[in-house]
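Scroll down for the structure; my scribbles are underneath it.
The basis for the numbers below is simple: all heavy atoms, side chains too, and nothing from hydrogens, waters or symmetry mates. A, B, ... follow the sequence lines: proteins, then strands. Residue 1 opens every chain. Because the structure is predicted, anything quoted here is derived from the model rather than measured.
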Protein chains: 4
Amino acid sequence: MARPKSEDKRNAILAAAIKVMAELGPGAPTSKIAREAGIAEGTLFTYFATKDELLNQLYLEVKGTLHEKMMDGFPHGAPLRERVHHAWHAYVHWGALDPARRKVMQQLTVSEAILPATRIKGAEAFCGISEMIAESVSVGMLRDQSPDFAGAIMSSLADMTIDFMLRSPDRKENYCEAGFVAFWNAIGGK
Amino acid sequence: MARPKSEDKRNAILAAAIKVMAELGPGAPTSKIAREAGIAEGTLFTYFATKDELLNQLYLEVKGTLHEKMMDGFPHGAPLRERVHHAWHAYVHWGALDPARRKVMQQLTVSEAILPATRIKGAEAFCGISEMIAESVSVGMLRDQSPDFAGAIMSSLADMTIDFMLRSPDRKENYCEAGFVAFWNAIGGK
Amino acid sequence: MARPKSEDKRNAILAAAIKVMAELGPGAPTSKIAREAGIAEGTLFTYFATKDELLNQLYLEVKGTLHEKMMDGFPHGAPLRERVHHAWHAYVHWGALDPARRKVMQQLTVSEAILPATRIKGAEAFCGISEMIAESVSVGMLRDQSPDFAGAIMSSLADMTIDFMLRSPDRKENYCEAGFVAFWNAIGGK
Amino acid sequence: MARPKSEDKRNAILAAAIKVMAELGPGAPTSKIAREAGIAEGTLFTYFATKDELLNQLYLEVKGTLHEKMMDGFPHGAPLRERVHHAWHAYVHWGALDPARRKVMQQLTVSEAILPATRIKGAEAFCGISEMIAESVSVGMLRDQSPDFAGAIMSSLADMTIDFMLRSPDRKENYCEAGFVAFWNAIGGK
DNA sequence: TATGAATGAGTATTCATTCAT
DNA sequence: GATGAATGAATACTCATTCAT
C-alpha cells in the first residue's frame, strides 16, 4: 500500500473535512466527513490512518493553500514594499474569500492534536516570506529579533484584519489597506 | 435555605476547567473537570446547567481576569504612552504567567460553543481600553476606523508576543518590549 | 415521626404527581413533582419514603377517588339496573372529566412498581360493586364465575368507553349509554 | 455492500426487547436489551436510531403478531359467529401463551413514547376484524356506532379475559369461553 | 480497494435519595 | 419538619476504528 490509489479521493476528504470542521470544529465526526466526501466511513482510514493524522495533514494542506495564494503572481522584481503588500493582500483575501478554510486553520492552530513536527513543517514554507518581511524592518529593536518575529507580526495582524473584513464585507478593501498600514508601521517598513 | 450554593465551589470548577482544558481542549470531559475540582460529577451541573454554559461562563471569567490585571495599578493620571504601556505589559505578562488561562482563552475564542451574546458581553469590559488606544492613534487611515480596530491590533500583537515569551522565557522581557514597540508603531502612537 | 405534620402537603404531592405523571408517565422525576407541589425536593421523602411508595399510594388514592365517585349519591334502595347504571355512569364520567387521574391509573395498573399487595388492597373497595354486578348476571356460564369476573367486565368496558368519550367529547353521553348497553348485555342483565 | 444489515439481528433485538421490557417496563435500559440480544450496545442503534423508535417498531411488531395469529387458519367461508369466535380464540390464546408480548403491548399502549401515527398504523390491520364484528352487532344502539366501537369491545374484553386465563391456567379454556359469551352478548351477536 | 456493519469505551446529563443547615 | 445542595450510579447515544464481505 505505497500510496493510495486516488489522489482525487484524498482531496475530496480534505475538502470535506474543511467544510464540516468549519461548522463543527475539530470534534467533527469522521463519519460526517466521509459522507460529505462521498465515500464510505471506512475508506477514510485508507487515506488517513487516524483522525489525528487527517487533522495534521489538513493543517498542512490549509497552510499550503495559503502559501500558494501568497506566491501566486508574486512580483519578484518589484520594490520591497510592493512585494510585501502583495503577500499581505493575498493573505487577507485568502481568508476573506475562503472563511471555512481560515476557520479551520484557526481552530487547528490552537488544537492539541497538531504535533510540533507538523507545526514546524507548516512554518517552513513561510521562511522566505518571513525573511522578506524582516528585510523591511527598520526599527532597531525589531531588527534584533529573528525573522520569525516579523513574520508573526504579519500573521497576527492579517488574521485580525480578516475578522474585520468578514464582519463588514462592504468595507473589505478599506480594512485590507488599513491593516496593511498598521502592519507596515509596526515593522517600520521603509 | 439548606446548604447555600458555594461561591468557592463555583470557582473551584472554573479553576479546574482551566487546568483540564488547557491540556485537553474544550472537548475535555466534564467528569475530569469535576474530579479536578474535588466534587461529584453531578454537582458540576448544579452550578452550570450544561457544559456549554460552563464554557461560556469560563470565557467570561478568563476575559474578566485579563481585564482585571490590565486595570490593576493602572496609572490613571500618567501620559498616554505610559498608560497604554501599562495595559500592554499587564496583558502579555498575564498570558506569560498563566499560560493555561491564556490557552483556554485562545481555544474558546475560536470555539463554536461560545455564543455571540457571550462574546459581546466579554468585549464590553474592554471598551475603555480600546478607546484609550484609539486616542493614541495618529495614523490618518487608522483614525477613520472604530476604536475596536485599534483594540484588535493590540490583542493580536499581544497574543503573538505571548507566544514568543512562552517559547523563550529567558528573553521574556525583551519580547515584551519588542512587541510593544511594534504595537506602538502600528498605531502610530504619539 | 409518627405521622407527618401536614395532610395538606401529602395531598398536594399526590395531586402534583397526578398532574406530572399524566404527562410524563411513571418515569416522571420526583423533583418535578415536588416543584409542582410547591415543596422542596427533599420534603417529598418525609411523606413517601421512596418513589415506589409514592407510586403505590398514588394507585390507592386514584382507585379510592374512583370508588368514592361511584358511591356518591348511590341509590341504595333503587332497582338493580338503576344501581348498576349509577355505578357505570359515575365510572365513565370520572374518567372523562378527570383524564389525568385516569391516565395515571392506566399507567400504574400495568406498571411493575405496583406491588401485588397494593393491587389487592385497591380491589377490596370494589368488592361490593362487583357483588352487585354479579347479582345482575343472568347468563348461566357467567354465573359460575367469581364476582370478580363480572366486575372486570365492567371495568374493561368502562375503560374502553372512556376512551371514546375523550376522543369525541360532543358525543360523550351517547358513548356513555352505548357502553352501558354493551355492558348490560354482556352480563345478561335482567 | 459490506456486511448487509441482518434481518435476524433486528428480530433478535425486538425479541430481546420483549423479554426485557416485560420484566422492567418501557424504562428498561437499551444496554440490557442489547446484551439479551447478544449484540454490542452500539449495534442496537444501527437498527433503531433511538430508543423511541425501537419502542414504536416494537409496538407495531407486537400488534402485527397478534393480527397474524388472528388470521391464521381463519375460516373464511364459515358462519359469522364461528369466524368471530376464531378471532376471539386466537386473541386470548395469543395473550395467554405469550404473556411477555402481551404485557409489552399493554405497557406500550399507555406509553407516551408511542406516536399517534404509530397507533394509527397499528390499528389499520385490524380494520377488517372490526368490520366483521360490527356485522354481528344486532343491538340497535350499538349499530349506530363506528365499527371501531365493536372492535374496542372485543379488545377490552379479550384483554380482561387473558388476565383471568393467566391467573388460573387450569381454568384457561373456561375463561376463554366465558369471556366469549360475555362479548357475544355485549354486541348482541346473532 | 471499497464498503458499512459491528464494536465498546466514552460522554453529557438525569435523578432518587441523603444529609448538613 | 423543611430545605435544596451534594452525590454517583445509571442511561441513551456517539464515534474512531476494525474487519468481514
From CD1 of B:Ile33 across to P of E:dT13 the rounded distance in Å is 11 Å
Of the nucleotides F:dC13, E:dA16, F:dT17, which one has an atom closest to the side chain of A:Thr50?
F:dT17
DNA chain E contacts among residues 24-32 of chain D, heavy-atom distance under 4.0 Å:
none
Suppose the criterion is ring-ring contact (aromatic ring centres under 6.0 Å, His included): which pairs have a residue in residues 40-67 of chain B, not counting sequence neighbours?
B:His67-B:Phe126
So, using side chain to side chain donor-acceptor pair (under 3.5 Å) as the criterion, who are the partners of C:Lys19 when residues are at least two apart?
C:Glu36
C:Leu108 and C:Val62: CA distance, side-chain angles, deciding distance, side chain to side chain contact (heavy atoms under 4.5 Å, CB included) verdict:
CA-CA 10 Å; C:Leu108 292 180; C:Val62 166; 5.6 Å; no
Atom-pair distance (CZ on D:Arg35; C1' on F:dA10), nearest Å
12 Å
Annotated structure of DNA chain E as dot-bracket, pair cut-off 3.5 Å, Watson-Crick or G-U only, | for inter-strand, is .||||||||||||||||||||
Tell me the closest heavy-atom pair linking B:Leu58 and B:Ile18, and the distance in Å.
CD1-CG1, 3.7 Å
Could you tell me whether the side chain of C:Lys103 and the main chain of C:Met21 form a donor-acceptor pair under 3.5 Å?
no
Just to verify, what does A:Ala123 make a side chain to side chain contact (heavy atoms under 4.5 Å, CB included) with, not counting sequence neighbours?
none
Ordered by number, residues from residues 51-62 of chain B within less than 4.0 Å of DNA chain F (heavy atoms) are none
Would you call C:Leu14 and C:Leu54 a side-chain contact if the rule is heavy atoms closer than 4.5 Å?
yes
Is the shortest side-chain heavy-atom distance between A:Trp94 and A:Glu68 below 4.5 Å?
no
Could you list all the salt bridge (charged side-chain N to carboxylate O under 4.0 Å, His left out) pairs where at least one residue sits in residues 39-63 of chain D, not counting sequence neighbours?
D:Glu61-D:Arg101
Any side chain to side chain donor-acceptor pair (under 3.5 Å) pairs touching residues 108-123 of chain A, not counting sequence neighbours?
A:Asn56-A:Thr118, A:Glu112-B:Gln107
Under 3.5 Å, is there a donor-acceptor pair between the side chain of D:Arg102 and the main chain of D:Asp159?
yes
Just grab all the side chain to side chain donor-acceptor pair (under 3.5 Å) pairs involving residues 7-17 of chain D, residues at least two apart or on different chains.
none
Could you work out, with side chain to side chain donor-acceptor pair (under 3.5 Å) as the rule, every residue matching A:Gln57, not counting sequence neighbours?
none
Near-strand residues of residues 11-23 of chain A, defined as heavy-atom separation under 4.0 angstrom from DNA chain E
none
Shortest non-hydrogen contact from D:Ala37 toward D:Ala12
CB-O, 3.7 Å
Mind checking the CG-OG1 spacing from D:Asp98 to D:Thr65? Nearest 0.5 Å is all I need.
8.0 Å
Under 3.5 Å, N/O pairs linking protein and nucleotides 6-8 of chain E:
{"unit_1": "E:dA6", "atom_1": "OP1", "unit_2": "D:Lys9", "atom_2": "NZ", "d": "2.9"}
{"unit_1": "E:dA6", "atom_1": "OP1", "unit_2": "D:Tyr47", "atom_2": "OH", "d": "3.0"}
{"unit_1": "E:dA6", "atom_1": "OP2", "unit_2": "D:Tyr47", "atom_2": "OH", "d": "3.0"}
{"unit_1": "E:dT7", "atom_1": "OP2", "unit_2": "D:Ala40", "atom_2": "N", "d": "3.2"}
{"unit_1": "E:dT7", "atom_1": "OP2", "unit_2": "D:Thr43", "atom_2": "OG1", "d": "2.6"}
{"unit_1": "E:dG8", "atom_1": "N7", "unit_2": "D:Gly42", "atom_2": "N", "d": "3.3"}

